[in-house]
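Report on one structure; see the data block that follows.
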Amino acid sequence: MSVADSTSSQPVDVPAGPNDQGVHAYQPPNGALRSPCPALNTLSNHSYLPHDGKNITFSKIVTALQEGFGLSYGFAIFMAIGTYTLLQRPYLSLIDLKEASLHDYIEHDASMVHDDTPPGKEYAPIQVNINLLRSFLRCAHPSSSSSSSFKGLFVVNTYDIAKCRVQREADCCHQLDTLHAELARAEFAMVQEIFGHGRDKEVTDKDMEIFLGEERFPPGWKPDHVLHLWDAVGRATEIREAMAKLKEAEGHLEEKPEGWEEKMIENLKAAVGHIIERIPALPLPGAT
């Protein structure tokens, strides 16, 4: 049963895509290792990553991000480096999806669809909290798109995401640190850039429900553009700015220590540089 409101809708007569049949057709986990990350779980559920969630290589992450979500080669490399950096795995050894559940590495509290990690626990919950998902989807509203194919559809946009993130972080028992607050925004920036439509990158509530709740690709969906790093960064910046305006209006301004941004960037540069030195030679796209 759908967790979205009865107003939820989706374009009809969607032709089958590469993720609906064949080698990349959806297969439920059935006890396989998974994480709190819907993107990684979706890639495994559609067999772009190993379906059992085990023994994942650096190069496999790069290829899966390109083929599954349409990321550019450079963006996919950046994301793979980030994964290994945040998991503190500088030697590029094999990883399992369960490692992405390690609390406060990649995973963070104040998730839109997962419970916060209980105090003292090493691993975060991976089960989707249907109540949190339902609460998020209530922000959906009629699309502003002039396209006839989206008339009558309910969508989520940048402002909706910003508003829900402000509320979710306010409900959290502690304030997210700067890095994880940025990660939380970047996650939804990518969702918008991958599944969004039009200039505002509106995502239908049904697509949100399927991706976040079922951890699978929407029926008939396939990448229709190449997603670059700067696209996601620009969208994340819009979410951050919208959140700042909402907090200012509510009188909840964040106070950060002087030099926090420079310190974060220097720490990330050092960590990424450490990993880049150990990246194996990867074939360029089209190389034989």
Side-chain angles (χ1 to χ4, degrees), residues 1-30 32 34-51 53 63-71 97 112-114 126-130 132-157 160-161 187-227 231-232 235:
M1 180 177 179
S2 171
V3 302
D5 186 86
S6 59
T7 55
S8 174
S9 52
Q10 191 78 344
V12 295
D13 299 327
V14 177
N19 297 309
D20 301 313
Q21 55 196 349
V23 67
H24 292 304
Y26 171 79
Q27 299 179 58
N30 293 327
R34 291 296 181 263
S35 74
C37 176
L40 291 175
N41 293 346
T42 295
L43 290 174
S44 283
N45 289 339
H46 285 274
S47 299
Y48 288 98
L49 290 176
H51 186 265
T63 302
L65 290 170
Q66 288 182 274
E67 296 180 353
F69 290 120
L71 270 63
L97 282 188
M112 294 286 214
V113 298
H114 294 102
I126 63 172
Q127 187 69 32
V128 172
N129 182 322
I130 297 300
L132 286 175
L133 176 58
R134 183 180 291 119
S135 177
F136 171 53
L137 293 176
R138 288 195 192 103
C139 73
H141 53 82
S143 173
S144 62
S145 173
S146 59
S147 172
S148 59
S149 61
F150 283 88
K151 283 186 177 179
L153 296 186
F154 278 65
V155 297
V156 175
N157 62 20
D160 303 320
I161 291 169
E187 291 159 3
F188 273 89
M190 289 190 64
V191 172
Q192 283 187 272
E193 290 296 326
I194 291 170
F195 299 109
H197 303 274
R199 181 176 180 179
D200 295 332
K201 293 298 181 182
E202 298 176 333
V203 182
T204 67
D205 58 347
K206 190 61 179 178
D207 282 355
M208 279 286 192
E209 178 187 344
I210 291 171
F211 180 64
L212 298 178
E214 302 176 22
E215 299 180 326
R216 61 189 296 178
F217 289 114
W221 184 88
K222 61 181 179 180
D224 60 3
H225 64 284
V226 176
L227 176 57
D231 298 319
R235 186 64 53 180

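For this chain, numbers begin at 1 and follow the sequence in order.
- Taking both residues in full, the closest heavy atoms of Ala140 and Asp205 are given as CB-CB, 3.8 Å, listed atom of the first, atom of the second, then distance.
- Smallest separation of non-hydrogen atoms from Ala189 and Ala232: CB-O, 3.5 Å.
- We find the CE-CG distance between Met112 and Leu137 to be 10.0 Å, quoted to the nearest 0.5 Å.
- To the nearest 0.5 angstrom, Ile126 atom CD1 is 9.5 Å from Leu97 atom CG.
- The distance from the CD atom of Glu193 to the CZ atom of Arg235 is 5.0 Å, given to the nearest 0.5 Å.
- Side-chain contact between Val156 and Phe188 is absent, with no heavy-atom pair separated by less than 4.5 Å.
- Nearest heavy atom pair, residue Pro223 against residue Gly68, reads CG-O, 3.6 Å.
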In sequence, state the C-alpha distance, the side-chain angles, and the governing distance for His114 and Asn129, and then conclude on side chain to side chain contact (heavy atoms under 4.5 Å, CB included).
CA-CA 5 Å; His114 294 102; Asn129 182 322; over 6 Å; no

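- Residues that satisfy the side chain to side chain donor-acceptor pair (under 3.5 Å) test with Glu214, not counting sequence neighbours, are absent from this structure.
- To the nearest 0.5 Å, atom CG of residue Leu49 and atom NE2 of residue His51 are 11.0 Å apart.
- In this structure, Met190 CE and Phe195 CZ are separated by 9.5 Å, a value rounded to the nearest 0.5 Å.
- Between Asp20 and Pro219, the closest heavy-atom pair is OD1-CA, 3.6 Å.
- Side-chain contact between Pro142 and Phe154 is present, with at least one heavy-atom pair separated by less than 4.5 Å.
- In the displayed structure, Gln21 atom CD is contacted under 6.0 Å by more than 12 heavy atoms of other residues, nucleotides or ligands.
- The structure places CG of Leu212 at 11.5 Å from CG of Leu132, a figure rounded to the nearest 0.5 Å.
- At least one side-chain heavy atom of Trp221 sits less than 4.5 Å from a side-chain heavy atom of Ile194.
- No side-chain heavy atom of Asn157 sits under 4.5 Å from any side-chain heavy atom of Lys201.
- Between Met208 and Phe136, some side-chain heavy-atom pair lies under the 4.5 Å cut-off.
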Side-chain atoms of residues 36-46: list all donor-acceptor pairs with protein atoms under 3.5 Å, sequence neighbours left out, distances to 0.1 Å.
{"unit_1": "Asn41", "atom_1": "OD1", "unit_2": "Ser35", "atom_2": "N", "d": "2.9"}
{"unit_1": "Asn41", "atom_1": "OD1", "unit_2": "Ser35", "atom_2": "OG", "d": "3.2"}
{"unit_1": "Asn41", "atom_1": "ND2", "unit_2": "Ser35", "atom_2": "O", "d": "2.6"}
{"unit_1": "Asn41", "atom_1": "ND2", "unit_2": "Cys37", "atom_2": "O", "d": "3.3"}
{"unit_1": "Asn41", "atom_1": "ND2", "unit_2": "Glu215", "atom_2": "OE1", "d": "3.2"}
{"unit_1": "Asn41", "atom_1": "ND2", "unit_2": "Glu215", "atom_2": "OE2", "d": "2.9"}
{"unit_1": "Thr42", "atom_1": "OG1", "unit_2": "Pro38", "atom_2": "O", "d": "2.7"}
{"unit_1": "Thr42", "atom_1": "OG1", "unit_2": "Glu215", "atom_2": "O", "d": "3.3"}
{"unit_1": "Thr42", "atom_1": "OG1", "unit_2": "Arg216", "atom_2": "N", "d": "3.4"}
{"unit_1": "Ser44", "atom_1": "OG", "unit_2": "Pro50", "atom_2": "O", "d": "3.2"}
{"unit_1": "Asn45", "atom_1": "OD1", "unit_2": "Arg34", "atom_2": "NE", "d": "2.9"}
{"unit_1": "Asn45", "atom_1": "OD1", "unit_2": "Arg34", "atom_2": "NH2", "d": "2.8"}
{"unit_1": "Asn45", "atom_1": "ND2", "unit_2": "Asn41", "atom_2": "O", "d": "3.3"}
{"unit_1": "Asn45", "atom_1": "ND2", "unit_2": "Glu215", "atom_2": "O", "d": "2.8"}
{"unit_1": "His46", "atom_1": "ND1", "unit_2": "Asn19", "atom_2": "O", "d": "3.4"}
{"unit_1": "His46", "atom_1": "ND1", "unit_2": "His24", "atom_2": "O", "d": "2.8"}
{"unit_1": "His46", "atom_1": "NE2", "unit_2": "Phe217", "atom_2": "N", "d": "3.0"}

